[in-house]
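In what follows, a single structure is set out as structure tokens and then discussed.
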Amino acid sequence: MDNVYQHIALVGAGGKMGMRISANLEASESHVYYCENAPAAQETMRELGREVSDIEQVIAQCDLVILAVPDIVLGKVSEQLVPRMKTGATVLTLDPAAAYANLLHQRDEIHYAVAHPCHPSVFLERRSDEEWADAFGGSAAAQSVAAAFEQGSEAERASLETVICQMYGPVDKVHWMTVTQLAYLEPTLVETVACMVGTFMKEALDETVARTGVSQEAAEAMLYGHIQIALAVAFRSTNPFSDACMIAIDYGRENILKDDWKKIFEQEELDKVIARMLKIDQVRRDPQLS
């Protein structure tokens, strides 16, 4: 199948995600323009052998424009760039929040897509030191990607999947879904829940050491091992929790979780957290995403 995206612009190529993506796109058969405004980041890019392009000069010929910029500026950046994109081109963001909140500049002749890395699974079977060292993904350990592309053709989606796999590679699978579904995965599932639980466990670790006098090393050994076994039992059912553990789990739920915690999966609550993340008064949700 022919590659639909022969010319790609990566905007924000000198940022954290931009640098990760740039390194992977160097192997792309497409012509990639690395665009960055910050002088210090430009110098770093040149030191790595990447030519810095002016987005204003190259955007009209690009089939795909990747916006690797912070969520809170995506609206303004898209207002500047989308009107200059050529008809039929695609704009790709790395997070769903701005697309869900209808902050991206809209133009009928342009396609919109989102692709967010899942990061390597805690259950991934790693076989090398490089894979073990790659917790974030994008260099050695395989990861999946959650993506939305609701407007383009099958050929465009196939080509976009190829680019996505290059951006975040190695990739084992791209899971296609709607923007709204992707927003429920992030932020609700993985940030509101999983990342919150991660920071909560760190606070619990610190409190344990402070209150009991047990050594940091001993507390970490106990917690880190039990994080692994708790996930294995809860998600993979390798062995059941003991009866005594189940009693402690119930006690924890009674004293830590609110009875109505599942309300975070209501769309009104999703709107609230995304509005807070984007620092806007409220989400102007696209009716097509409701």
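Side-chain atoms are counted along with the backbone in the values below, which use heavy atoms only and exclude waters and symmetry mates. We're numbering straight along the sequence, starting at 1.
- Heavy-atom minimum distance, Ala115 versus Ile164: CB-CD1, 3.7 Å.
- Shown here is Asp243, whose CG atom has no more than 12 heavy atoms of other residues, nucleotides or ligands within 6.0 Å.
- Atom CG of Asp172 sits in a crowded spot, with more than 12 heavy atoms from other residues, nucleotides or ligands closer than 6.0 Å.
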- Task: Kindly indicate, with the supporting measurements, whether the criterion salt bridge (Lys or Arg N to Asp or Glu O under 4.0 Å) is fulfilled by Lys76 and Glu79.
- Result: CA-CA 5 Å; Lys76 292 183 178 179; Glu79 286 179 5; over 6 Å; no

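- The local environment of CG in Asp281 is sparse, with at most 12 non-hydrogen atoms from other residues, nucleotides or ligands closer than 6.0 Å.
- No path of Ile, Leu, Val, Met, Phe, Trp and Tyr side chains, each step under 4.5 Å between heavy atoms, connects Tyr224 with Val214, placing them in separate hydrophobic clusters.
- With sequence neighbours left out, the ring pair (Phe, Tyr, Trp, His ring centres under 6.0 Å) criterion links Phe136 to His119.
- For the pair Met222 and Thr208, the minimum side-chain heavy-atom distance is 4.5 Å or more.
- Around CZ of Arg126, the count of heavy atoms belonging to other residues, nucleotides or ligands within 6.0 Å exceeds 12.
- The closest donor-acceptor contact from the side chain of Gln282 to the backbone of Ala275 lies at 3.5 Å or more, if one exists at all.
- In this structure the side chain of Tyr100 never reaches within 4.5 angstrom of the side chain of Val114, judged on heavy atoms.
- Donor-acceptor pairing under 3.5 Å is lacking for the side chains of Asn3 and Thr162.
- Residue-environment remark: NE2 (His175) exceeds the threshold of 12 foreign heavy atoms within 6.0 Å.
- In this structure, Tyr34 has no ring pair (Phe, Tyr, Trp, His ring centres under 6.0 Å) partners at least two apart in sequence or on a different chain.
- With rounding to the nearest 0.5 angstrom, the CD atom of Glu269 is 9.5 Å from the OG1 atom of Thr188.
- In this structure, Ser139 contributes its side chain and Asp134 its backbone to no donor-acceptor pair below 3.5 Å.
- Here the side chains of Leu185 and Val190 are not in contact, with every heavy-atom distance at 4.5 Å or above.
- For the atom pair SG (Cys165) and NZ (Lys173), the distance works out to 12.0 Å, reported to the nearest 0.5 Å.
- Under the 4.5 Å side-chain heavy-atom criterion for Ile, Leu, Val, Met, Phe, Trp and Tyr, Leu94 and Trp176 are members of the same hydrophobic cluster.
- Side chains of Tyr33 and Asp54: no donor on one and acceptor on the other come within 3.5 Å.
- Taking every heavy atom of both residues into account, Ile66 and Met167 meet most closely at CD1-SD, 3.8 Å.
- Hydrophobic clustering (side-chain heavy atoms under 4.5 Å, transitive across Ile, Leu, Val, Met, Phe, Trp, Tyr) groups Met196 together with Leu231.
- The local environment of CD in Glu109 is crowded, with over 12 non-hydrogen atoms from other residues, nucleotides or ligands closer than 6.0 Å.
- Considering CE of Met201 and CG of Leu223, their distance stands at 6.5 Å, rounded to 0.5 Å.
- Here Glu191 pairs with nothing under the side chain to side chain donor-acceptor pair (under 3.5 Å) rule; sequence neighbours left out.
- Aromatic ring pairs are classed by plane angle as parallel below 30°, tilted from 30° to 60° and perpendicular above 60°; the pair His111 and Phe149 is perpendicular.
- Atom CZ of Phe123 is surrounded by more than 12 heavy atoms from other residues, nucleotides or ligands within 6.0 Å.
- For the atom pair Asp63 CG and Lys86 NZ, the distance stands at 4.0 Å (nearest 0.5 Å).
- Summarising the local packing, CZ of Phe241 is surrounded by more than 12 heavy atoms from other residues, nucleotides or ligands at distances under 6.0 Å.
- Remark: side-chain polar atoms of Thr192 are not paired, donor with acceptor, to backbone N or O of Leu189 under 3.5 angstrom.
- The two residues Ala113 and Thr90 have their closest heavy-atom pair at CB-CG2, 4.2 Å.
- Under the 3.5 Å distance criterion, with hydrogens and angles disregarded, no donor-acceptor pair is assigned to the side chains of Gln61 and His7.
- Once rounded to the nearest 0.5 Å, the distance linking SG of Cys245 with CD1 of Ile229 reads 10.5 Å.
- Distance check, rounded to the nearest 0.5 Å: CG of Leu103 to CD of Gln106 gives 10.0 Å.
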